[in-house]
Amino acid sequence: DSTTAPYARDRIWPFDMTFIEEPGGAVILQGKVRGTAGIMRELLSWGHHAVVLGGPELLARMAEEVQAMAAHYADTKRCEEG
């Protein structure tokens, strides 16, 4: 999104990539990565400001990770008790 787009543009990416400028200041970053672990860490650090649009393996891994994280917070009563 437009919040993280400047950081994405300034970052030195360890793979060949291109940017597609979106209305409102967001960017789509396209590239081919070797494995998903590194890019997942980067994307997760941006929180909800980054969305994976494609790459079936990356998309599946991100969905699994986010669902596993959300499961920790599903029981709000447990969260309130600490």
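Quick note: numbers below take in every heavy atom, side chains included, and nothing from hydrogens, waters or symmetry partners.
- Taking NE2 of His72 as the reference point, atom CD of Gln67 lies at 12.5 Å (rounded to 0.5 Å).
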**Audit row: Ile28, Glu22, side chain to side chain contact (heavy atoms under 4.5 Å, CB included) steps and yes/no** = CA-CA 7 Å; Ile28 295 176; Glu22 289 286 297; 3.5 Å; yes
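- Qualifying ring pair (Phe, Tyr, Trp, His ring centres under 6.0 Å) partners for Phe15, counting only residues two or more places apart in sequence or in other chains: Trp13.
- Leu43 places a side-chain heavy atom less than 4.5 Å from the side chain of Val52.
- For the atom pair Ile39 CD1 and Arg61 CZ, the distance stands at 12.5 Å (nearest 0.5 Å).
- For the atom pair Glu65 CD and Arg41 CZ, the distance stands at 11.0 Å (nearest 0.5 Å).
- Side-chain contact between Met17 and Pro14 is absent, with no heavy atoms from C-beta onward closer than 4.5 Å.
- With rounding to the nearest 0.5 Å, the separation of CG in Leu29 from OG1 in Thr18 is 7.0 Å.
- Sparse packing is recorded around OH of Tyr7, with 12 or fewer heavy atoms of other residues, nucleotides or ligands lying under 6.0 Å away.
- For the atom pair Trp46 CH2 and Thr3 OG1, the distance stands at 11.5 Å (nearest 0.5 Å).
- Note that OG of Ser2 is 9.0 Å distant from NE2 of His49, once rounded to the nearest 0.5 Å.
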**Item:** Check against salt bridge (Lys or Arg N to Asp or Glu O under 4.0 Å), Glu21 and Arg9
**Value:** CA-CA 10 Å; Glu21 300 291 330; Arg9 285 187 201 97; 2.9 Å; yes
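- Counting heavy atoms from C-beta outward, Gln30 and Leu53 have side chains that stay 4.5 Å or more apart.
- Placement of Val51 and Val27 in two distinct hydrophobic clusters is found when ILVMFWY residues are connected by side-chain heavy-atom separations under 4.5 Å, directly or transitively.
- Note on residues 27-37: no pairs pass salt bridge (charged side-chain N to carboxylate O under 4.0 Å, His left out), not counting sequence neighbours.
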